[in-house]
Novice: 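Before I ask anything, here is the structure I am working with.
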Amino acid sequence: MYPFSKKTLMPQEECLLVEPRKGELFIGVPKENFKVEKRICITPEAVQTLHAYGHRVLIEKGAGEASSYSDLEYSKAGAEITTDPKKVFGCPIVVKVVPPTLEEIKLMTPHSVLWSTIQLKTLDPTYFKALAKKKISAIGFEFIQDKHGSFPATSILSEIAGIASIQIASELMTTTNNGKGLLMGNITGVVPTEVVILGAGIVAEYAAKTAISMGANVRIFDNSIQKLRRLQNNLPFPVSTSTIQDKILLKALMRCDVVIGAIRGKNRSPIVVTQTMVESMKKDAVIIDVAIDNGGCFETSELTTHEHPIKRKFEVIHYGVPNITSRYCKTASMAVSNVITPFLLDFADNGSLEGTVFTDNVLKSGIYTYKGLITNKVVADWFNLDYKDIRLFAF
């Protein structure tokens with residue numbers, strides 16, 4: 001008996017690896033409603049990169065103005081400029097910051113792909129019904145999870161929000177803004193400003209780093225010892241930390257000048273500061289509720305706008321603007337563009353939306369509707385909609 005048959009020993013045809021065909025993207029970038037959103041997802045530098053890879057980018061005239069990007073800059077980078085929003089929303093891929101309105105969805109092409117934030121707090125089931133009617137697939141920036149388990153888009157915006165929260169609090173304490181006239185700094189012979197931070201995530205980390213660098217005394221509260229330990233390791237020097245216990249928290253709130261709310265939950269941020277606690281705070285103390293877009297973690301918090309950002313309750317200043325990073329729109333635009341552009345190139349490498357679904361790609365985690373069907377459980381549970389696991393379409 002021979003170990004090999006005659007057929008096995010015969011020369012065989014060479015099998016070449018056939019790589020999937022890369023797709024050529026045609027991306028539409030519409031102009032946002034500047035009263036609501038001033039950021040843009042794709043900068044001229046990103047357009048230049050996409051153009052170098054053979055992709056087309058169609059931008060609505062004036063889309064980058066609020067972020068200090070001119071049409072000329074986009075045109076020089078290789079973008080096509082149009083005054084017709086129908087042409088932009090008619091592109092196979094539409095990339096924008098705020099989810100499109102129902103009127104804008106009507107302008108979109110059936111079976112197209114939408115890239116945007118999702119902002120669950122601002123939506124209702126009719127939005128998803130409109131996507132389903134046109135079998136539109138949608139990718140939410142904040143849902144994209146990389147191989148390390150982190151959320152790149154959310155993380156970069158959280159860094160900005162953390163830094164911004166301290167800077168905004170510093171502004172609100174000035175007498176020109178009817179604050180108590182305190183400087184967020186450690187001046188020789190003057191007691192430092194007291195800052196309380198609720199949460200130990202990325203927002204809290206960057207808020208703490210900013211407050212510390214300005215000379216404030218910082219105290220951080222969170223119910224996760226692991227998060228508190230991680231945060232301590234990432235700060236330049238140790239600060240006071242504690243789990244959330246009402247008695248200890250109340251004492252800290254009574255002494256502080258600024259409190260930053262940065263606790264988020266799976267569905268809604270837990271309310272950890274009650275109205276009674278707010279009533280006990282100093283006059284003209286400042287509350288910055290960074291978690292307001294997720295319901296807020298102060299019982300007295302209310303949604304506010306950039307035009308009218310504060311409300312006074314119980315002689316305490318409340319700041320409840322949900323899209324806080326839009327205040328620094330150019331920085332936020334550059335940061336988001338740096339995250340989104342590589343994902344768009346990966347999307348093109350997969351050849352199509354189906355290629356993204358069929359392969360083990362991080363973009364799959366960001367898909368919350370696939371051809372109109374809800375494929376994200378958080379979205380389905382939030383709006384009580386039917387849910388289909390994205391993995392069911394991968395075969």
Side-chain angles (χ1 to χ4, degrees), residues 117-121 140-169 195-214 216 218-245 248-249 252-253 256 258-273 286-298 301 319-328 331-332 335-336 338-339 362 365-366 378 382:
T117 60
I118 185 166
Q119 300 180 359
L120 292 176
K121 192 80 175 176
F141 299 153
E142 59 264 62
F143 289 143
I144 299 175
Q145 187 176 16
D146 64 21
K147 294 178 181 179
H148 303 290
S150 63
F151 297 85
T154 302
S155 297
I156 197 68
L157 291 175
S158 294
E159 291 180 20
I160 298 171
I163 296 169
S165 65
I166 297 298
Q167 293 182 345
I168 292 168
V195 176
V196 168
I197 298 175
L198 306 175
I202 296 175
V203 173
E205 178 182 336
Y206 281 81
K209 286 179 177 178
T210 306
I212 291 168
S213 68
M214 296 175 77
V218 176
R219 188 161 190 183
I220 302 171
F221 289 82
D222 195 279
N223 274 335
S224 171
I225 295 297
Q226 288 85 352
K227 285 185 177 181
L228 290 173
R229 184 178 293 113
R230 181 200 66 83
L231 185 54
Q232 283 279 30
N233 291 335
N234 290 345
L235 294 179
F237 54 81
V239 297
S240 175
T241 60
S242 174
T243 53
I244 301 173
Q245 302 175 46
I248 299 173
L249 177 58
L253 292 173
C256 77
V258 173
V259 54
I260 308 295
I263 297 179
R264 306 185 77 86
K266 288 184 178 180
N267 293 320
R268 191 201 186 286
S269 294
I271 294 176
V272 296
V273 177
V286 176
I287 287 175
I288 308 289
D289 198 344
V290 183
I292 191 66
D293 58 340
N294 203 38
C297 46
F298 298 82
S301 288
Y319 182 95
V321 179
N323 54 338
I324 191 172
T325 59
S326 184
R327 180 183 173 99
Y328 307 92
T331 297
V336 171
N338 288 342
V339 172
V362 295
S365 62
V378 172
W382 186 289

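Residues take their numbers from the sequence shown, with the count starting at 1.
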Novice: Which heavy atom in Ser242 sits nearest to a heavy atom in Leu228, and how many Å separate them?
Specialist: O-CD1, 3.8 Å

Novice: Does any non-hydrogen side-chain atom of Ile197 lie less than 4.5 Å from one of Val259?
Specialist: no

Novice: Rounded to the nearest 0.5 Å, how far apart are CD1 of Ile220 and OG1 of Thr243?
Specialist: 13.5 Å

Novice: For Asp146, check side chain to side chain donor-acceptor pair (under 3.5 Å) against everything at least two apart and list the hits.
Specialist: Ser150

Novice: What are the two closest non-hydrogen atoms of Ala291 and Cys297, and how far apart are they?
Specialist: CB-SG, 4.4 Å

Novice: For Ile163, which residues count as a side chain to side chain contact (heavy atoms under 4.5 Å, CB included) partner, sequence neighbours excluded?
Specialist: Gln167, Tyr206, Thr210

Novice: Can you find a pair of side-chain heavy atoms, one from Leu231 and one from Asp222, that are under 4.5 Å apart?
Specialist: no

Novice: So which heavy atom on Asn223 is nearest to which on Ile244, and how close?
Specialist: OD1-N, 3.0 Å

Novice: Roughly how far, to the nearest 0.5 Å, is CG of Leu249 from CZ of Arg219?
Specialist: 9.0 Å

Novice: Not counting sequence neighbours, which residues clear side chain to side chain contact (heavy atoms under 4.5 Å, CB included) with Ile212? List them please.
Specialist: Val218, Leu235, Pro236, Phe237, Val239

Novice: Identify, with sequence neighbours excluded, every residue that meets side chain to side chain contact (heavy atoms under 4.5 Å, CB included) alongside Phe151.
Specialist: Gln145, Thr154

Novice: Please round to the nearest 0.5 Å and tell me the distance separating atom CD1 of Ile287 and atom OG of Ser165.
Specialist: 13.5 Å

Novice: Treating Ser326 as the side-chain partner and Asn323 as the backbone partner, does any N or O pair qualify as donor plus acceptor under 3.5 Å?
Specialist: no

Novice: Please list, chain by chain and in numerical order, all residues satisfying side chain to side chain donor-acceptor pair (under 3.5 Å) with Ser301, sequence neighbours excluded.
Specialist: Asp289

Novice: Please check if the side chain of Arg230 supplies one atom and the backbone of Ala200 the other of a donor-acceptor pair under 3.5 Å.
Specialist: yes

Novice: Of all the heavy-atom pairs spanning Ile288 and Phe298, show the shortest one and how long it is.
Specialist: O-CE1, 4.4 Å

Novice: Look up atom CG in Leu198 and atom CD1 in Ile260, then write down how far apart they are to the nearest 0.5 Å.
Specialist: 9.0 Å

Novice: Just by modelled atom types, is the Val203 backbone N or O under 3.5 Å from a matching donor or acceptor in the Ser158 side chain?
Specialist: no

Novice: Looking at Tyr328 and Ala164, what are the two nearest heavy atoms and their distance?
Specialist: CE1-CB, 3.3 Å

Novice: With sequence neighbours left out, what residues match Asn338 under side chain to side chain contact (heavy atoms under 4.5 Å, CB included)?
Specialist: none

Novice: Could you check whether any side-chain heavy atom of Ile292 comes within less than 4.5 Å of a side-chain heavy atom of Val321, counting everything from C-beta outward?
Specialist: no

Novice: Please report the C-alpha distance between Phe221 and Val196 in whole Å, then the side-chain angles of each, then the deciding distance to 0.1 Å, and finally whether the side-chain contact (heavy atoms from CB on, under 4.5 Å) criterion is met.
Specialist: CA-CA 8 Å; Phe221 289 82; Val196 168; 3.9 Å; yes

Novice: What's the shortest heavy-atom distance between Val339 and Ala153, and which atoms?
Specialist: CG1-N, 3.9 Å

Novice: For the residue pair Ile263 and Pro270, establish whether any side-chain heavy-atom pair is separated by less than 4.5 Å.
Specialist: yes

Novice: For the atom pair CD (Glu142) and CG (Leu157), what is the distance rounded to the nearest 0.5 Å?
Specialist: 9.0 Å

Novice: Less than 4.0 Å between a side-chain N and a carboxylate O, is that true for Asp293 and Arg264?
Specialist: yes

Novice: Is the shortest side-chain heavy-atom distance between Val362 and Lys147 below 4.5 Å?
Specialist: yes

Novice: Which value, rounded to the nearest 0.5 Å, describes the distance between Ile202 atom CD1 and Ile160 atom CD1?
Specialist: 12.0 Å

